[in-house]
Amino acid sequence: MKIPLHYQVSNYDCGPTSLVNALNVLFEREDIPPELIRNIMLYCLDCYNLQGEEGRSGTSRLAMMYLSNWMDGYGKTGRLPISSEYVSGRDVYIGPGGKINQALQCNGVVVVRLFLDEWHFILLTDKGNDVVLAFDPYLSTELFADHPEISLELDPWHYNRIIPDSCFNSEAEQLYALGPKDLREAVIIYNERTRKPAVMEQIEYYI
């Protein structure tokens, strides 16, 4: 049984919410083991703000890297057909030959860090012609008033945003930009039972 994707319940839990949504897209509810949910919630929300308050700066790169490695190792035990890869820096871009494009074309999903009105995690679920389908766990319409190029559509099991490719690769702090190359990060996740073979593309070198 599938369940609808869900929204974050605070201003800070976009990371764990997007990871849990990734599991919801890839697996049936009955197949998701409780230890996956437990570990996502245990290791996320680990950043302190300037006032020393835990969790109020969201989830760190280290936590995302750890969880990606843990999920990949969990899959190798044979208990769930899950695999994961943490990618960072110049490998995080939207374009032909890139790891994100390949993941989306092969039935994978991608949790990616980008800019909303501050740094934020969303889930990328599919790739169309010059657009990406995504589920943004932050429930808002006000931020998009001046951005008619971003379509706010709802498929509650799959996506709530259709975002042009051109939004992502900017290094500026603007809506849905991936930001400076050296700070970029993403977690690619597959259900190995539904993963499609990779299709060779001409690589678009991203300098």
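Here the structure is a predicted model, which means the values were calculated and not measured.
Counting only heavy atoms from C-beta outward, the side chains of L124 and Y159 never approach each other to under 4.5 Å. Here the side chains of C167 and Q174 are not in contact, with every heavy-atom distance at 4.5 Å or above. Side-chain contact between V112 and L178 is present, with at least one heavy-atom pair separated by less than 4.5 Å. A heavy-atom distance below 4.5 Å is found between the side chains of I37 and L23.
In terms of heavy-atom proximity, F121 sits nearest to V111 at CD2-CG1, 4.0 Å. When all heavy atoms are compared, the tightest approach of I150 to I163 is CG2-CG1, 4.4 Å. Here the closest non-hydrogen pair linking L45 and Y12 is CD2-O, 3.2 Å. Here the closest non-hydrogen pair linking V92 and A186 is CG2-N, 4.1 Å. For S170 against A177, the heavy-atom pair with the smallest separation is O-CB, 3.6 Å. P33 and L80 make their closest contact through CD-CD2, 3.9 Å (heavy atoms, listed as atom of the first residue, atom of the second, distance).
Enclosure of atom CD in E142 is not indicated, since only 12 or fewer non-hydrogen atoms of other residues, nucleotides or ligands lie within 6.0 angstrom. Atom CZ of R61 has more than 12 neighbouring heavy atoms from other residues, nucleotides or ligands inside a 6.0 Å radius.
Taken from NZ in K196 to CD in Q105, the straight-line distance is 9.5 Å, to the nearest 0.5 Å. To the nearest 0.5 Å, the span separating CG on D46 from CE on M64 amounts to 9.0 Å.
For the side-chain contact (heavy atoms from CB on, under 4.5 Å) criterion with K2, the lone passing option out of R29, H158, E28 is E28.
Between the side chains of D136 and Y176, at least one donor N or O sits under 3.5 Å from an acceptor N or O. Side chains of Y86 and E185: a donor on one and an acceptor on the other come within 3.5 Å.
A salt bridge is absent between R184 and D91; no separation between the charged side-chain nitrogens and carboxylate oxygens falls under 4.0 Å. Salt bridge E192/R195: present, at least one basic N to carboxylate O contact under 4.0 Å.
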(message) If you apply the rule side-chain contact (heavy atoms from CB on, under 4.5 Å), what do you find for N24 with I32, and how did you get there?
(response) CA-CA 8 Å; N24 288 339; I32 300 172; 3.8 Å; yes
(request) Could you please spell out the steps behind the side-chain contact (heavy atoms from CB on, under 4.5 Å) verdict for R161 and I122? (result) CA-CA 10 Å; R161 304 281 185 269; I122 69 171; over 6 Å; no
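Taking the six-membered ring for Trp and the full ring otherwise, Y7 and F135 have centroids separated by under 6.0 Å.
Linking ILVMFWY side-chain heavy atoms closer than 4.5 Å, directly or via other members, places Y190 and L123 in two distinct hydrophobic clusters. Follow the hydrophobic side-chain contacts under 4.5 Å out from I94 and you never reach V187; the two are in separate clusters. Put simply, I82 and L26 are part of the same group of oily side chains (I, L, V, M, F, W, Y) that touch within less than 4.5 Å, one to the next. In the hydrophobic clustering of ILVMFWY residues, with side-chain heavy atoms under 4.5 Å counting as a link, L114 and L183 come out apart.
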